[in-house]
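Okay, structure first, notes after.
Here is the naming used below: chain letters follow the sequence lines, and residue numbers restart at 1 for every chain.
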Amino acid sequence: MTVRLRFAPSPTGYLHIGGVRTALYAWLYARQRGGEFVLRIEDTDVARNSDEAIQIIYDSMRWLGLDWDEGPEVGGPHGPYQQSERLALYREHAERLIESGHAYRCYATTEEIQAARKAWEEAHGHGGFRFRSPWRDRTDGDPEVPHVVRFKAPSEGETGWDDLVYGPIAYPNAEQQDFVLLRQNGLPLYNFGAFVDDLTMGITHVTRGDDHLVNTPPQILLYRAFGAEPPCFAHLPMVLGPDGKKLSKRHAAVAVLEYRDLGYVPDGVLNYLARLGWSHGDDEIFTRAELIEKFDWSACGRTGSRYDVKKLAHVQGAHLRVLTNEALAGLVVPFLAQRGLEVAPGDPRLVAAIEPVKLRATTLVDLAEGLDYFFRADDALVFDEKGAKKFLVPEAAPLLEAFASLVESTAFEAEALEAATTAWLERDGIAIKNLAQPARVAMTGRTASPGLYETLILLGRDRALSRLRRGAERARGA
RNA sequence: GGCCCCAUCGUCUAGCGGUUAGGACACCGGCCUCUCACGCCGGUAACAGGGGUUCAAGUCCCCUUGGGGUCACCA
């Protein structure tokens, strides 16, 4: 049997990092088993949904490379894939349940229910109220009169399942109430909509956050009411903020797209998220292919995990550094453009300059920053003021000039330049430190950069000389 | 409050009856060195508490405590 998994976000603004992890696990499993991954939009809460939010979901998934085999924009045999377009299906399934005696039309008003709730709470305290509808055993209601459809939930025994990550779990049916399937306006409630879709789309594995644990018994009950075999369930513990509370915007960037803008690479984000709640021995860094190969529900933890931006940065950096210079060139171009530097992705100077800079970067933003001086005109170099003040001092001027002359008269090749420089410094008893920092600031504008000779070569003879001499002038005037 | 879930370094975790309790991030030293990184070496640091079961418990069972989730015509 081919496995079918789905990711079913509701478009309420942005795609949350925790939601992405759920999507990732489902995607990994589908890919590992050669199954299908479907994307479905749960937009039955009209008050909270928007088209922009739906677009954000598509953009997020595509940026991450979590491609869907069926769903919006790609189609498929089980469409439509947006709940708001599947209303007839929900109505039809509700009718079938009414006919088979598993559900009923309830005409109780909100006021009635509120009154019953109030009475219950006065007697028993807050929480635990379960509405007992007087319509439960009546069949004389007029279908034309506004009503909701409720499920006839059992009150004895228990409903359980063998969760892929939690193991056996069971809830007493006494906890169940006659939950609403269809609202008065005809729109399904989460449990019913998700159930009908999962059933009709042939979903074999339902994956979601553990905050949905309590929704599982009602859904299992629905499968049974239809005489269908419930799917496998895999609940994942929540992603928490650094303080152990539910992750929210005040903790960190929780919207995935923010990481794209921050210059993170998708594989880095995915790797970090995969390891947050799942492990494979002592391994930490995984390629996408390794993740697909090694992912396993039984290796998922059952405890909530705190989101650690430091570790994310570390994993991210590791992924950035293994990308080829050519790949990085393509990715960094937009970030260079943001700094006003128009560089072609295929520019050989770019590819060459990336090599030493990528070891010093963890994000594409860092990379662009480290590349900045290289593409800036000699007279437009941006100086780190503190660094310039410290190293471009009058005493440095003669050193810079002498260095420029030496560079000018030496074969322009790293080893030769280093040999000549070392010989000169030794002969004149000058510590290399005294030359290197001023030269670095003169050439790059900053106090930290790739090696001296490396920088010289990358810049090219003419630009290096020009910058060294401009630096000397500036030093003299300082 | 009812119901359900969870519990190893600060954090992410390995461990699936016998280990000097391992790795990673972070932190602290050191090496490398022209700066900053990368890299390498080393260090600090954990089984929530109490009862059982067992020759033997971080591993199994129970209780306590502590977290979390959920109790809608939201998802």
Along RNA chain B (nearest heavy atom to each residue), the more 5'-positioned of A:Tyr453 and A:Arg150: A:Tyr453

Watson-Crick or G-U wobble mate for B:rG18, both contacts under 3.5 Å: B:rC55

Pair A:Trp135 + A:Tyr104: ring centers closer than 6.0 Å: no

Sugar-phosphate, base or nothing in reach of A:Gly125, heavy atoms under 4.0 Å: nothing

d(CG, A:Leu213; C1', B:rC5) in whole Å: 6 Å

A:Ser305 vs B:rU11: side-chain N/O to OP1/OP2 distance below 4.0 Å: no

Within 45° cone of A:Phe383 ring axis and under 6.0 Å: A:Arg474 NZ or CZ: yes

Rounded distance (Å) that lies between atom P of B:rG69 and atom CD of A:Glu175: 18 Å

5' priority, RNA chain B, between A:His124 and A:Leu189 [closest heavy atom]: A:His124

Audit row: A:Thr216, A:Arg208, side chain to side chain donor-acceptor pair (under 3.5 Å) steps and yes/no: CA-CA 10 Å; A:Thr216 307; A:Arg208 51 185 18 169; 3.1 Å; yes

Ring center gap for A:Trp278 and A:Phe286 short of 6.0 angstrom: yes

Distance between P atoms of B:rG15 and B:rG23 (Å, rounded): 15 Å

Cation-pi, A:Phe374 ring and A:Arg463 (6.0 angstrom, 45 degrees): yes

A:His126 side chain near A:Glu121 side chain, heavy-atom distance below 4.5 Å: yes

Watson-Crick/G-U partner (both atom distances under 3.5 Å) of B:rA48: B:rU64

Atom-pair distance (OH on A:Tyr166; C1' on B:rU70), nearest Å: 13 Å

Touch class at under 4.0 angstrom, heavy-atom based, for A:Gly277 against every strand present: sugar-phosphate

P gap between B:rU8 and B:rG49, integer Å: 11 Å

NZ/NE/NH1/NH2 to OD/OE distance under 4.0 Å, A:Glu95 and A:Arg105: yes

Sugar-phosphate, base or nothing in reach of A:Ala108, heavy atoms under 4.0 Å: base

Distance below 4.0 Å between A:Thr44 side-chain N/O and B:rA75 OP1 or OP2: yes

A:Gln437 side chain, from C-beta outward: closest of B:rU35, B:rA72, B:rU70: B:rU35

Check: A:Val265 main-chain N/O paired with A:Gln316 side-chain donor or acceptor under 3.5 Å: yes

Sugar-phosphate only, base, or nothing, as touched by A:Leu276 at under 4.0 Å among non-hydrogen atoms: sugar-phosphate

Sugar-phosphate only, base, or nothing, as touched by A:Asn215 at under 4.0 Å among non-hydrogen atoms: base

B:rC63 to B:rU53 separation - C1' atoms, rounded to the nearest Å: 15 Å

Member of A:Ile41, A:Leu15, A:Thr207 meeting the side-chain contact (heavy atoms from CB on, under 4.5 Å) criterion with A:Phe7: A:Leu15

Side-chain heavy-atom pair A:His212, A:Val206 within 4.5 angstrom cut-off: no

A:Tyr272/A:Tyr307 aromatic ring centres below 6.0 Å: yes

Sugar-phosphate, base or nothing in reach of A:Val148, heavy atoms under 4.0 Å: base

Side-chain N,O (A:Lys433) to OP1/OP2 (B:rU35) below 4.0 Å: yes

Residue matched to B:rG1 through Watson-Crick or wobble contacts both under 3.5 angstrom: B:rC71

B:rU44 versus B:rG66 - spacing of their C1' atoms, nearest Å: 26 Å

Whole angstrom value for the distance that separates C1' of B:rC71 from CD1 of A:Ile113: 15 Å

Euclidean distance, atom CD of residue A:Gln114 to atom P of B:rA72 [Å, nearest integer]: 9 Å

Pairwise C1' distance for B:rG30 and B:rC62, with rounding to whole Å: 50 Å

G-U wobble or Watson-Crick pairing nucleotide for B:rC25 (cut-off 3.5 Å, both distances): B:rG10

Letter per nucleotide, 5' to 3', of nucleotides 14-30 of chain B [B base touched, S only sugar-phosphate touched, - untouched; heavy atoms, 4.0 Å]: S-------BBBSS----

Value in whole Å for how far the P atom of B:rC74 lies from CG of A:Leu187: 9 Å

Base-pairing mate for B:rC32 - Watson-Crick or G-U, with both contacts under 3.5 Å: none

Sugar-phosphate, base or nothing in reach of A:Ala170, heavy atoms under 4.0 Å: sugar-phosphate

Nearest-Å distance once atom C1' is located in both B:rC61 and B:rG68: 24 Å

Pairwise P distance for B:rC6 and B:rG10, with rounding to whole Å: 23 Å

Euclidean distance, atom CZ of residue A:Phe131 to atom P of B:rG2 [Å, nearest integer]: 25 Å

Contact under 4.0 Å: A:Lys245 side-chain N or O vs B:rG68 OP1/OP2: yes

B:rU20 and B:rG58, which share atom name C1', separated by this distance in whole Å: 15 Å

Ion pair A:Arg446/A:Asp384, N-O distance below 4.0 Å: no

Sugar-phosphate only, base, or nothing, as touched by A:Arg306 at under 4.0 Å among non-hydrogen atoms: sugar-phosphate

Taking only N/O atoms, report every protein-nucleotides 7-9 of chain B pair under 3.5 Å with atom names and distance.
none

Spacing between A:Gln316 atom CD and B:rC38 atom P, to the nearest angstrom: 14 Å

Touch class at under 4.0 angstrom, heavy-atom based, for A:Pro9 against every strand present: nothing

No-hydrogen, no-angle side-chain donor-acceptor test under 3.5 Å, A:Asn173 and A:Glu156: no

Side chain of A:Asp211 (C-beta onward), nearest among B:rA37, B:rG69, B:rC73: B:rG69

